[in-house]
Every structure is written in structure tokens, then in C-alpha cells.
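As C-alpha cells, the structure follows; a few thoughts come after it.
So you know, we letter chains A, B, ... as the sequences are listed, proteins then strands, and number each from 1. Hydrogens, waters and symmetry mates play no part in the numbers below; they use all other heavy atoms, side chains included. Keep in mind that what you see is a predicted model, and the values were worked out from it rather than measured.
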Amino acid sequence: MRSLSDESLLAGLASSDPDSSAAFVRRFQGRVFGLAVTILGDPNLAEEVAQETFLRAWRHAATFDAARGRVITWLLAITRNVALDALRLRRQEPVDPSVLIDLRADSRTEPETQGVLADDSERVRQALVRLPEEQRRAVLMSAFFGRTAREIGEIERIPLGTAKTRIRTGLLKLREAFEVSNDR
Amino acid sequence: MTDNHGETRELVAELALDVAAGEERGRALGHLETCRECRALVGGLADAKDEILLLAPEREPSAGFESRTLARLARVARPVVRAPRWRRILSLSVAASIAAAAGVGTVWVATRSDRQAADLLTTALQRADGKYLGVEVLRRPDGTRVGHMAVYLGRPSWIFAIIDDETSVGTFDVEVVDATGARHPAGVLTIDAGGGGGLVLPSGLGRVTAIVLIPRDGGDPLEARLPSG
Ligand SMILES: [Zn+2]
């Protein structure tokens with residue numbers, strides 16, 4: 001099971017194969033739960049969200065398209081959706097997401113993570129560090145907390161147009177960093 | 001390319017982050033249908049968003065998370081596993097001819113395997129001298145479909161309810177509605193965790209127009225209407 005690809009495990013999960021399902025959950029639970037906690041701050045709620053994420057992955061496995069991305073990004077997109085639904089039900093005080101993410105040079109990525117993945121993450125991390133702080137905060141608030149430009153404007157006490165510009169400029173710079181890493 | 005190109009360019013990041021809202025989102029999504037350039041840009045930005053999400057620190061959930069999740073998966077996966085419920089029901093003697101309904105042109109849309117089972121049992125029905133055999137949709141008062149009820153009016157008459165999910169598991173008082181609209185108590189039916197339950201009806205019923213299941217623990221009654229005439 002350890003050597004099976006993410007895609008094979010997902011296929012096994014889709015067909016309710018017990019061994020593949022267990023291996024799938026084991027392989028991704030740290031990332032799924034980690035993102036859920038980052039978004040929600042509440043470990044109990046985050047566990048519910050993580051469970052619901054695996055349920056949806058099972059239910060919607062057929063919609064996964066390997067040509068369009070990796071299993072992990074697909075799964076984290078589901079995690080984000082479920083977590084944001086939960087977050088809307090109990091609106092919290094705005095959090096500065098920079099404090100939740102370790103922006104220092106990477107010490108976290110485990111050895112078995114594919115080199116490409118580690119590289120991409122590292123580039124995006126470095127690009128985030130290089131962003132002006134207000135752009136970084138705007139992008140991270142949208143990415144992790146689903147904050148709209150209007151909400152960011154209110155939180156930061158800036159005009160809507162400024163909030164929109166921060167999100168756009170920040171994300172465009174990150175994409176450049178990411179695309180450089182993909183053009184190798 | 002529509003006039004919304006400029007407006008959409010302003011919104012690409014919010015679209016990629018899925019935080020755009022309202023009419024401006026609607027207009028931009030409409031524009032994306034026709035503009036490859038904007039579509040590619042949003043796609044690239046969405047990839048960047050995916051990379052950002054990967055920066056969330058990994059964290060192991062509490063002990064037992066894996067087994068709890070798998071148990072929940074097993075619970076919800078069960079309706080899929082038990083999909084050929086009709087065949088399972090066939091093993092119940094009381095229902096020996098229920099699936100025949102699928103073969104006699106009622107509302108039931110059978111899968112092929114169900115239909116094969118039905119063919120088998122159509123023969124049984126012909127021998128049974130029944131007045132009516134049908135599978136009707138079981139609904140809540142608001143029209144929501146909750147499952148099916150097989151109804152056999154013969155000697156003896158019986159019903160068998162099959163529900164689509166677990167929300168209607170429980171014990172029901174059964175009432176038979178006749179042509180005048182009068183209701184007659186007909187016994188108690190229990191729908192088990194497997195999603196089905198049957199009951200032999202008392203003899204001497206007049207023309208039956210509907211069967212109503214009234215939950216013992218409150219909640220909406222479920223009704224199956226028989227075709228008129
Ligand atoms: Zn365009």
C-alpha cells in the first residue's frame with residue numbers, strides 16, 4: 001500500500017476497498033487535518049471537517065481528473081470548501097493568517113514528499129515572503145478563510161478597490177513564482 | 001469576446017480564490033466561457049492558490065481518527081453495497097413476488113438485474129391469482145420521495161416498504177385508505193436498519209387507494225398511492 005500512487009489509492013477508496021481506504025486516509029489525514037485546523041483553529045471542529053472531507057472524496061472520486069492536478073491539491077480544495085462552510089456557520093474574529101503558516105525556510109516537508117512538490121512549495125513560500133506584507137495578508141485571508149475583497153476592506157479599513165488590488169497583485173506575483181517552477 | 005474582458009481581468013484573482021460574489025461573479029463566469037485568455041489566467045492563479053493551501057502545516061488528528069473515519073465511510077457506503085436490495089428481499093418468503101412488479105409495467109424503474117429477478121417472479125404472480133401487484137413511490141406529505149412500497153392485493157394481501165436512506169428507520173402504524181377516503185388500521189410495520197419491512201394485511205379490505213405509514217415516534221406520515229381504476 002505504501003508504494004501505491006495517490007491515484008491508485010483514490011481509485012481503491014472510490015470502490016470502497018477497505019485496505020486502500022485505510023491507506024488513503026492514513027496518507028492524507030495529516031495534510032487534511034492540518035489545513036482544517038489552520039482554517040478553523042478548533043481541533044474538534046477540524047476533525048469533523050476532515051472526516052467530512054474524506055467522505056466527499058469517496059463520494060466524488062469519479063470527478064478527480066489526474067490530467068488537471070494532483071490528488072493532494074484536489075483533496076485540499078475539498079477540505080477548504082468543507083472548512084469554509086463550517087466557518088460561515090460560526091463566524092470568527094479575523095485572524096492574521098501569516099501567523100498560522102510557517103514562512104521560514106522549509107523544515108516541515110518530510111523526506112518522502114516528492115521532490116517536485118517540495119520545490120513548488122518552497123518557491124511559493126519564498127514568493128510569499130517577498131510579497132509586501134499587506135498583499136500577503138490579503139491573499140492568505142482569501143485563500144485560507146475565504147474572505148472576500150469587501151470583507152478584507154472592512155478588516156483592514158481600506159477601500160474596496162484597494163483590497164481587490166492587493167489580492168490580485170499578490171496572487172499574480174505568486175503565480176509567476178509558481179510558473180517559473182513549472183517551466184523547468 | 002464580450003465587453004466584460006476588462007472587468008474580468010480585474011476579478012481573476014478573486015475568481016481563482018473563489019471569493020468573488022454576486023453579479024460581478026456571474027458576469028465574469030459568463031465571460032470565461034468565451035475567453036480563453038482569461039480562462040488560462042484564472043487557471044494559473046488557481047494553481048497558485050492550491051500551492052498556498054499546501055503551505056498549511058501538517059498536523060496529525062487525535063488517535064483513532066483513521067478508524068473513526070473508516071467506520072463512517074463504511075456506514076455511508078452501505079447503501080451502495082446493498083444496492084441490489086430487491087434481490088435480497090426476494091429471499092424473504094413473504095416477498096416472493098414483490099419484484100414481479102418491476103416486470104408488469106409500473107412506475108418502478110428496475111435495473112437489469114432486478115428485472116431478471118422480476119421475470120422469475122412474474123410467473124409466481126400469475127399463479128398467485130392476485131388482484132393487484134405494484135410498486136408505488138413512498139412520499140412525505142410535501143411530496144419528497146423517501147422510497148418505494150410494494151403492494152400485493154391477493155390472498156393474503158401484503159405490503160413491503162423500502163426506503164432510500166436511514167432517516168425513516170423505525171416503527172409505523174399502517175392505515176389503509178379505501179375508495180371513500182376512510183382509513184382502516186391495518187397493523188404495525190417496522191423498517192429495520194437494512195431499509196425494509198413488510199406486513200401481511202388483514203383480509204376483507206375493500207378497494208385500496210393508498211397506504212399510509214404513521215411513524216410511532218412522530219414525524220411525517222409516509223404515503224403510497226395506488227393507481228386509480
Ligand atoms: Zn477575457
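Interface remark: A:L84 contributes no atoms to any contact with chain B (heavy atom separation under 4.5 Å). Interface remark: B:R25 contributes no atoms to any contact with chain A (heavy atom separation under 4.5 Å). The part of B:L70 that comes within reach of chain A is its side chain, from C-beta onward, which places non-hydrogen atoms under 4.5 angstrom from that chain. For B:S67, no part lies near chain A; criterion is any non-hydrogen pair under 4.5 Å. For B:A46, no part lies near chain A; criterion is any non-hydrogen pair under 4.5 Å.
In terms of non-hydrogen atom pairs under 4.5 Å with chain B, the most contact-rich of A:T73, A:L55, A:I167, A:L174 is A:L55. Heavy-atom pairs under 4.5 Å with chain A were tallied for B:K49, B:E66, B:R68; the largest tally goes to B:E66.
Contact of the B:D50 side chain with the A:W74 side chain is not registered, since no non-hydrogen atoms from C-beta on lie closer than 4.5 Å. Residues B:L11 and A:K164 meet the side-chain proximity criterion, which asks for heavy atoms closer than 4.5 Å. Side-chain contact check for B:F65 versus A:Q51: some heavy-atom pair is nearer than 4.5 Å. Counting heavy atoms from C-beta on, the side chains of A:E52 and B:R72 come closer than 4.5 Å.
Under the 3.5 Å distance criterion, the side-chain polar atoms of A:R31 are matched with a main-chain donor or acceptor of B:L54. The closest donor-acceptor contact from the side chain of A:E47 to the backbone of B:S62 lies under 3.5 Å. A:R80 contributes no side-chain N or O that, together with a main-chain N or O of B:L53, makes up a donor-acceptor pair within less than 3.5 Å.
The line from CH2 of A:W58 to OG1 of B:T69 is 14.0 Å long, rounded to the nearest 0.5 Å. Rounding to the nearest 0.5 Å places CG of A:L171 at 10.5 Å from CD of B:E14. How far CD of A:Q29 is from CD of B:E58: 10.0 Å, rounded to the nearest 0.5 Å.
The shortest non-hydrogen separation linking B:P57 to A:T38 is CD-OG1, 3.6 Å. Taking both residues in full, the closest heavy atoms of B:L73 and A:F54 are given as CD2-O, 4.2 Å, listed atom of the first, atom of the second, then distance. Residues B:E10 and A:R168 come closest through the heavy atom pair O-NH1, 3.1 Å.
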